[in-house]
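Have a look at the structure below, then the notes.
The chain is numbered in sequence order, starting from 1.
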Amino acid sequence: MARRRRSTVDRVALARQAEAAGDLVKAERLYREAVRGRDAHAYNNLAQLLIEDGRLDEGEQHFHAGVAAGDSMAAKNLALFLLEEGKLVAARKAIARARRMGRPPTDEEVVAAQNYFLERSAG
């Protein structure tokens, strides 16, 4: 019997379940499979997982890929990530792009991201 190939949506759902269960290795593998399948939302989820794991550069790359794929949530999260990293020029551009895509960060999110950077820089 032929094995049914999982859709990228299935992979993202399974990755979220694995992530919630604490199986980050499995979650990452499933997100990467969904990214290979060109699931625009998988980039954002993978980026967040990588950043939480300390792989900031790779996470940022996946946010950019998600934006290029048309994911407005990736655009918003990229802008906030750049603010948290103190990359203000790039963050302004990312905020403008997120705004054009219909999902700009709220004023509260911007302030929180900037405060996160300032607190981390002072510490």
Side-chain angles (χ1 to χ4, degrees):
M1 178 185 224
R3 196 170 132 191
R4 182 174 91 80
R5 211 174 137 86
R6 289 184 294 216
S7 73
T8 58
V9 174
D10 291 342
R11 286 187 183 96
V12 170
L14 290 171
R16 285 182 180 147
Q17 289 174 354
E19 197 171 356
D23 190 347
L24 302 183
V25 171
K26 181 178 182 180
E28 182 177 344
R29 179 180 52 79
L30 289 164
Y31 285 137
R32 287 185 187 281
E33 287 176 13
V35 162
R36 281 192 296 278
R38 301 287 188 243
D39 183 305
H41 303 294
Y43 292 102
N44 181 66
N45 294 7
L46 178 58
Q48 289 179 329
L49 184 135
L50 293 169
I51 287 167
E52 289 296 318
D53 191 43
R55 294 182 274 170
L56 305 182
D57 291 338
E58 189 179 1
E60 182 180 345
Q61 290 171 4
H62 283 287
F63 277 142
H64 283 288
V67 173
D71 183 14
S72 61
M73 182 60 81
K76 174 183 173 176
N77 287 335
L78 172 61
L80 294 171
F81 169 77
L82 293 169
L83 285 170
E84 289 177 351
E85 292 301 300
K87 299 176 180 180
L88 300 181
V89 173
R92 278 191 219 104
K93 290 177 184 176
I95 289 170
R97 180 115 190 233
R99 186 172 290 117
R100 287 192 305 275
M101 294 176 79
R103 197 181 293 233
T106 66
D107 292 340
E108 293 81 15
E109 289 171 323
V110 168
V111 168
Q114 290 172 325
N115 286 340
Y116 176 83
F117 170 73
L118 292 173
E119 289 169 10
R120 213 178 70 214
S121 298

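Clustering of Ile, Leu, Val, Met, Phe, Trp and Tyr by side-chain heavy atoms under 4.5 Å joins Ile51 with Leu56, Phe63, Val67, Leu78, Phe81, Leu82, Met101.
Of all non-hydrogen atoms in Ala15 and Ala27, the two that sit nearest each other are O-CB, 3.4 Å. Taking both residues in full, the closest heavy atoms of Ala91 and Ala79 are given as CB-O, 4.0 Å, listed atom of the first, atom of the second, then distance. Heavy atoms only, all atoms of each residue included: Arg103 and Ser72 are closest at NE-OG, 3.1 Å. Heavy atoms only, all atoms of each residue included: Tyr31 and Val12 are closest at CE2-O, 4.1 Å.
Leu83 and Leu118 are members of different hydrophobic clusters when ILVMFWY side chains are connected at heavy-atom separations under 4.5 Å. With hydrophobic clusters built from ILVMFWY side chains whose heavy atoms lie under 4.5 angstrom apart, Leu24 shares a cluster with Tyr43.
Residues that satisfy the side-chain hydrogen bond (donor to acceptor under 3.5 Å, both in side chains) test with Glu84, not counting sequence neighbours, are absent from this structure. Applying the side-chain hydrogen bond (donor to acceptor under 3.5 Å, both in side chains) test to Asp53 and every residue at least two apart in sequence or in another chain returns Arg55. For the side chain to side chain contact (heavy atoms under 4.5 Å, CB included) test, residues two or more places apart in sequence or in another chain that qualify with Lys26 are Ala18, Asp23, Arg29, Leu30. Taking Glu109 as the reference, Lys76, Leu80, Pro105, Thr106 meet the side chain to side chain contact (heavy atoms under 4.5 Å, CB included) condition, with sequence neighbours excluded.
Atom-to-atom distance recorded for Glu85:CD and Glu60:CD is 8.0 Å, nearest 0.5 angstrom. Note: Gln48 CD to Asn77 CG = 4.5 Å, rounded to the nearest 0.5 Å. Here the CG-CE distance, from Asn44 to Met73, works out to 6.5 Å after rounding to the nearest 0.5 Å.
Each salt bridge (charged side-chain N to carboxylate O under 4.0 Å, His left out) pair with one or both residues in residues 63-75, not counting sequence neighbours, would appear here, but there are none.
Checked options Arg32, His62, Glu28; the residue passing with Leu49 is Glu28 (criterion: side chain to side chain contact (heavy atoms under 4.5 Å, CB included)).
Environment of OH in Tyr116: sparse, with no more than 12 heavy atoms of neighbouring residues, nucleotides or ligands closer than 6.0 Å.
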